[in-house]
Each structure stands twice: as C-alpha cells, then as structure tokens.
Number of protein chains: 2
Amino acid sequence: MNEGVEWALHSCLNLTWVDDGQAVTAAKLAAFYELPAAYLNKQLQALARAGILTSTSGPRGGFRLARRPEDITVMDVVAAIEGPEEAFRCEEILRQGPGGHEDVDYRTTCVISQSMRRAELAWRRELSRQTIADLKATVESRFPYTPDSTRSWFANLRT
Amino acid sequence: MNEGVEWALHSCLNLTWVDDGQAVTAAKLAAFYELPAAYLNKQLQALARAGILTSTSGPRGGFRLARRPEDITVMDVVAAIEGPEEAFRCEEILRQGPGGHEDVDYRTTCVISQSMRRAELAWRRELSRQTIADLKATVESRFPYTPDSTRSWFANLRT
DNA sequence: GCCAAGATACTCGGATAAGATCTGTCCGAGTGCCGATGG
DNA sequence: CCATCGGCACTCGGACAGATCTTATCCGAGTATCTTGGC
C-alpha cells in the first residue's frame with residue numbers, strides 16, 4: 001500500500017483544525033511532518049481529483065476540505081490514493097484451465113475469487129465506517145490540546 | 001497484491017484432488033492453467049518454505065500438501081506469498097511532527113494507524129476463517145465432477 | 001487621494017527521472033530411476 | 001536369476017534480466033497581490 005495514504009489521512013486531519021476557509025499549501029502540510037513537499041503535492045492532487053479537497057492556485061492559495069469531515073470516510077481517502085480497483089484482482093485463470101468456458105464470468109463464480117472478495121469487502125466496510133470527523137473526535141478527546149496547537153502551528157509557521 | 005496468490009490458491013485446491021501421496025510437478029500445475037512454469041515454481045517454493053507444501057526433487061518428485069486441507073487457511077497461503085508484514089505500514093510520521101516524541105510507539109497510539117489496523121484485522125480474520133478444505137467442499141457441492149476430472153487430468157496429462 | 005495597468009511572487013499541475021518491487025527466465029545441484037554388468 | 005554399481009533424466013532451488021509500479025523532483029501555466037504611474 002502506498003506511503004501516500006498515511007500522508008493524505010494525516011493531512012486531511014490537520015486540515016480540519018485550520019481556520020475555516022483558510023487554504024493551506026502543500027509546502028506547509030509537508031513541513032509539518034518533514035515530508036517531501038512536491039511529492040505530497042502529488043497526493044493532494046489525487047484527493048482534489050476525487051473531490052475530497054479543493055485546490056486554489058496563486059498567492060493565498062492551497063488546499064482545503066471540499067466537504068464536511070463527517071462526509072469524508074477513510075475509505076474515500078484510501079481509494080483516492082490507491083485507485084478504485086480491488087487489491088486482489090482475479091485474472092480468471094479458470095478460463096485457461098480444462099473445462100474453462102469463454103463466456104463465464106469467473107470473477108463471480110470462482111470460489112477463490114469469492115473468498116478474496118468477501119475479505120476485501122470486510123476491509124472496505126471497516127474503512128467506510130470511520131469518517132475523518134470520527135478520527136478528529138477521537139484525537140480531540142485523547143489530546144485536547146491538539147486542535148489549538150495545530151492551528152497555531154499553521155498560523156505562524158516557523159522556517 | 002501479487003498475481004501469485006491466485007495461482008497458489010488454485011494450485012493448493014488442485015492438490016487436494018490428486019491421489020494421496022502423489023507429488024505433482026510445478027510444470028504440471030502450471031500447464032493446468034497455462035501459466036509460466038518457472039514462475040509458478042517460485043511461488044510454490046514460497047509455500048514450501050511456509051510449511052504449506054512439501055517438495056521432492058528428482059524423478060517422481062514435485063509438490064504435495066504438507067498438512068490436511070482443514071489445517072491450511074486462505075490467510076496462510078496469502079501470507080506465504082505476500083509476506084507477513086501488513087499492507088498498511090505505519091511510518092509513524094507523527095514522530096517527525098511538532099510535539100513528536102522519540103520514545104512513543106505511534107503504531108499503537110496514532111488514531112489513523114489504529115483505524116487502518118482494525119480494517120486490516122477484519123480482512124485477515126475473514127481470510128483465516130476459510131480453509132482450503134472449505135473451498136474444496138464448496139466447489140465439490142457446486143461442481144460434483146470437478147474432483148474426478150481434475151484427478152484424471154493430472155493422471156494422464158496430454159501434451 | 002484614487003484608479004488602473006503592469007510587474008511580481010506564489011501555488012498548483014503535469015511532465016520527467018530514479019529506485020524498488022513484481023514478473024519472468026535460465027541453469028546448476030541434488031535425487032531417484034533404469035539398465036548394464038558381474039557373480 | 002539376482003544384486004550392485006554407474007549413468008541418466010528429472011525436479012527443485014536459487015541466481016539472473018525485463019517490466020511495471022512507486023517514489024521523488026523539476027519547471028511551466030495561471031492567479032491574486034503589490035507596486036507604480038497617471039489623473
């Protein structure tokens with residue numbers, strides 16, 4: 001799984017703590033965790049394409065959340081970075097085997113494909129259950145100072 | 001996810017249908033689905049290292065199941081091919097952030113890491129629930145002729 | 001003092017390399033089988 | 001006829017390339033801001 005998933009999730013969470021309507025540049029989001037700025041920018045572009053963030057060019061530009069945190073699931077972010085296709089992609093090798101038919105959809109009939117798909121659905125369901133707002137609430141209950149310290153860090157950025 | 005996972009699962013299933021004590025060569029298992037023999041061999045080696053198969057060199061050699069199908073879970077096969085480490089590997093970028101501590105294990109405290117881990121556990125649990133014997137039973141109930149036709153295919157291999 | 005036009009600095013966005021992993025291939029080491037050979 | 005020994009064909013196992021994806025970097029297009037000049 002892409003490293004960018006972790007970066008994207010943390011960046012989305014950080015974006016929930018900046019002042020509303022305030023865009024944050026990829027450079028600032030990257031500096032927060034000392035990440036390569038240009039590469040993080042690439043990941044944020046993917047989030048923008050997926051409709052999770054909105055991007056603004058020019059001075060005072062940057063990224064901000066496109067929807068409310070309650071409406072962004074962890075699955076949305078993962079899918080935006082990793083792509084929509086499943087991790088296990090059934091190549092339907094049964095078709096090449098003896099007795100394989102050309103017109104059968106082995107993605108649905110093959111027992112192995114079904115088993116893998118069932119597991120992946122459980123994974124997706126678990127990721128869809130949690131929203132960015134849930135993560136935010138959990139962090140705030142455990143570390144109450146985080147919102148203020150994060151906001152102020154992005155407000156007066158050092159270096 | 002590796003293509004080899006699909007190959008390995010199908011091969012394990014096929015091995016449940018050959019006569020007991022009969023070793024099957026990688027070449028035969030590959031020919032069944034028209035797969036590249038040498039590469040499938042590589043995957044089967046991984047299964048052997050994981051203790052799922054036993055391998056025998058020389059004439060009349062090949063691979064056979066090391067344990068009963070009831071004792072081989074789908075997760076075992078996936079882990080043997082993909083490796084034991086998790087798909088989402090938390091790099092603990094919180095440590096690089098402001099307020100990050102050197103001696104904190106963010107793999108367990110970070111909310112994002114927890115969320116991803118929970119989803120992955122659901123995936124693993126689902127894969128561990130199913131054994132090769134379960135797959136075998138399902139196939140046999142849906143396609144009763146499969147065991148015989150598969151066994152005979154491996155017995156008198158054409159081409 | 002106010003407005004407008006131009007220059008400017010800033011930011012995203014995509015095009016472009018470097019590295020790592022997956023996919024595929026090849027040949028050598030080891031092993032059991034088969035036949036020849038001698039008793 | 002039987003046992004033994006040597007050659008041999010077969011199979012796995014790991015070493016060796018090619019392809020694809022991930023990671024990282026750089027520069028150009030567009031834009032809001034600021035400056036400067038004119039009225």
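Protein chains get the first letters and strands the later ones, always in sequence-line order, with residue 1 at the start of each. Predicted model only: the values in this text are computed from it and were never measured.
- A distance-only check finds no donor-acceptor pair linking the side chain of Ser115(B) to the backbone of Val111(B) [under 3.5 Å].
- As judged by a 4.0 angstrom heavy-atom cut-off over every strand, Ala23(A) is placed among residues making no nucleic acid contact.
- Contact annotation for Ala48(B): no contact, since no heavy-atom pair falls under 4.0 Å across all strands.
- When rounded to the nearest whole Å, the span between CD of Gln22(B) and C1' of dG32(C) equals 15 Å.
- The interatomic distance linking Gln43(B) (CD) with dG14(D) (P) rounds to 14 Å, in whole Å.
- Phosphate proximity of dG14(D) to Arg49(B): present, with a side-chain N or O under 4.0 Å from OP1 or OP2.
- Closest contact between the side chain of Trp7(B) and the listed nucleotides dT25(D), dC12(C), dG24(C) involves dG24(C).
- In this structure, CZ of Arg60(B) is placed 9 Å from P of dC34(C), rounded to the nearest angstrom.
- Listed candidates were dT25(D), dC10(D), dG13(C). Nearest to the side chain of Asn41(A) is dG13(C).
- Sparse packing is recorded around CG of Asp20(B), with 12 or fewer heavy atoms of other residues, nucleotides or ligands lying under 6.0 Å away.
- Residue Thr56(A) has no polar side-chain atom (N or O) positioned under 4.0 Å from OP1 or OP2 of dT31(D).
- Spacing between atom OH of Tyr39(B) and atom P of dA15(D) amounts to 17 Å, rounded to whole angstrom units.
- Met1(B) and Leu121(B) fall into different hydrophobic clusters, where Ile, Leu, Val, Met, Phe, Trp and Tyr residues are linked whenever their side-chain heavy atoms come under 4.5 Å apart, directly or through other members.
- Looking at which nucleotide of DNA chain D each of Lys42(B) and Ala37(A) is closest to, the 5′-most match is held by Lys42(B).
- Rounded to an integer number of Å, the gap from CG of Leu44(B) to P of dG14(D) is 13 Å.
- Of the two residues contacting DNA chain D, namely Phe63(B) and Leu40(A), the nearest-nucleotide position lying further toward the 5' end is that of Phe63(B).
- Among residues two or more places apart in sequence or in another chain, the salt bridge (charged side-chain N to carboxylate O under 4.0 Å, His left out) test is passed with Glu3(B) by none.
- Checked against salt bridge (charged side-chain N to carboxylate O under 4.0 Å, His left out), Asp148(A) has the following partners two or more places apart in sequence or in another chain: Arg151(A).
- At least one side-chain nitrogen or oxygen of Ser55(A) sits closer than 4.0 Å to the OP1 or OP2 atom of dG13(C).
- Summarising the geometry, the separation between CD on Gln45(B) and P on dT25(C) is reported as 15 Å, rounded to the nearest angstrom.
- At whole-Å resolution of the value, CD in Glu91(B) and C1' in dT23(D) are 12 Å apart.
- Atom CD in Glu34(A) sits about 14 Å away from atom P in dA24(D), given to the nearest Å.
- Candidate nucleotides dC12(C), dT11(D), dT31(D) were compared by shortest atom distance to the side chain of Pro59(A), and dT31(D) ranks first.
- Of the candidates dT23(C), dC12(D), dC33(C), dT23(C) carries the atom nearest the Asn2(B) side chain, counting heavy atoms from C-beta on.
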